[in-house]
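Structure record follows, encoded as structure tokens.
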Amino acid sequence: MPTYDLADRSALVTGAGSGIGRAVALELARNGAAVLVADLSADAAQRVTDEITAAGGTAAAAVADVADPAVHAELVAAAGRMGPLKVAVNNAGIGGEAAAVADCSTEGWLRVVDVNLNAVFHGLKAQIPAMVAAGGGAIVNMASVLGSVGIAQSSAYVATKHAVVGLTKTAALEYSAQGVRVNAVGPGFISTPLVERSLDAATLDALAAQHATGRLGTSEEVAALTAFLVSDAASFVTGSYHLVDGGYSAH
Ligand code: NAI
């Protein structure tokens with residue numbers, strides 16, 4: 001695995017208690033960042049924090065519902081206590097109801113919009129001024145390959161992930177001159193609790209076959225791209241949407 005120099009900075013990762021967020025938190029810590037492990041689940045956040053510190057890294061746990069606009073200033077402040085905030089990964093997300101659009105409940109739709117989209121907006125509002133004050137930084141918003149193509153029975157998820165891509169591009173245009181890069185990552189289907197919880201074995205096999213690789217991805221494969229994007233090695237990369245989808249969208 002490549003190593004980037006993320007020393008002397010803090011990194012805020014939301015939804016870091018599980019799956020992709022956990023792998024991102026571990027990878028950023030391995031590259032030297034002091035990581036704020038934020039999650040809805042206190043146990044999960046603490047477990048990942050313990051994993052990082054056991055491996056010799058620096059981390060602290062934070063319990064937060066990213067759908068609450070007020071928590072983002074607290075997360076930025078907590079990360080700032082570990083070092084200048086120069087990295088944020090807005091990763092927390094939920095799948096939502098499996099239903100055709102006319103059958104989706106309004107409550108279900110609004111919760112997905114709150115967690116997958118509004119939370120990224122609230123996060124950027126808190127993170128960007130802190131990064132500007134720290135002399136610059138890099139943000140990754142976790143979209144999905146479903147930020148560029150649709151899939152049946154997931155309208156809220158697909159709509160929010162497309163919106164995250166647009167929000168990412170706009171924020172990048174607005175803050176590039178102040179040294180803040182903003183990119184989106186679009187994973188294909190990745191073996192995480194989110195996917196394994198909601199899909200049966202036959203559906204997982206069928207999905208695997210839709211990737212050129214013939215398999216689902218791993219959280220570590222998404223973390224590798226994310227670590228590159230937030231590192232100085234990606235200094236000319238901003239405002240773009242980076243797929244890590246095993247060829248899912250190539251056909
Ligand atoms: P996961 O369910 O394994 O982990 C998500 C974590 O986020 C959990 O620890 C959960 O407690 C936390 N979380 C959920 N709602 C939260 C909230 N309101 N506030 C704070 N934390 C919250 O999910 P996974 O698969 O790791 O997904 C992470 C991100 O990657 C999501 O944005 C998801 O949409 C995206 N993604 C996942 C793909 C996959 O195939 N697993 C594919 C493409 C994108």
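Everything numeric in this text was worked out from a predicted model, so none of it was measured. In each ligand, atom 1 is the first atom listed, and ligand 1 is the first ligand listed.
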(message) Any side-chain to backbone donor/acceptor pair from Thr226 onto Val222? Under 3.5 Å, distance only.
(response) yes
(request) Look at the side chain of Ser154 and the backbone N and O of Tyr157, then say whether any donor-acceptor pair between them is shorter than 3.5 Å. (result) no
(request) Identify the heavy atoms of Thr3 and Arg30 that sit nearest to each other, and give their distance. (result) OG1-NH1, 3.6 Å
(message) Strictly under 4.0 angstrom, heavy-atom based: which residues surround ligand 1?
(response) Gly15, Gly17, Ser18, Gly19, Ile20, Asp39, Leu40, Ala64, Asp65, Val66, Asn91, Ala92, Gly93, Ile94, Arg111, Val115, Met142, Ala143, Ser144, Tyr157, Lys161, Pro187, Gly188, Phe189, Ile190, Thr192, Pro193, Leu194, Val195, Arg197
(message) Does Asp205, at its CG atom, have more than 12 non-hydrogen atoms belonging to other residues, nucleotides or ligands within less than 6.0 Å?
(response) yes
Residues 68-84 side chain polar contacts: donor-acceptor under 3.5 Å, at least two apart:
from	atom 1	to	atom 2	distance (Å)
Asp68	OD1	Ala70	N	2.9
His72	NE2	Val66	O	2.8

(request) Classify the angle between the aromatic ring planes of His211 and Phe189 as parallel (below 30°), tilted (30 to 60°) or perpendicular (above 60°). (result) perpendicular
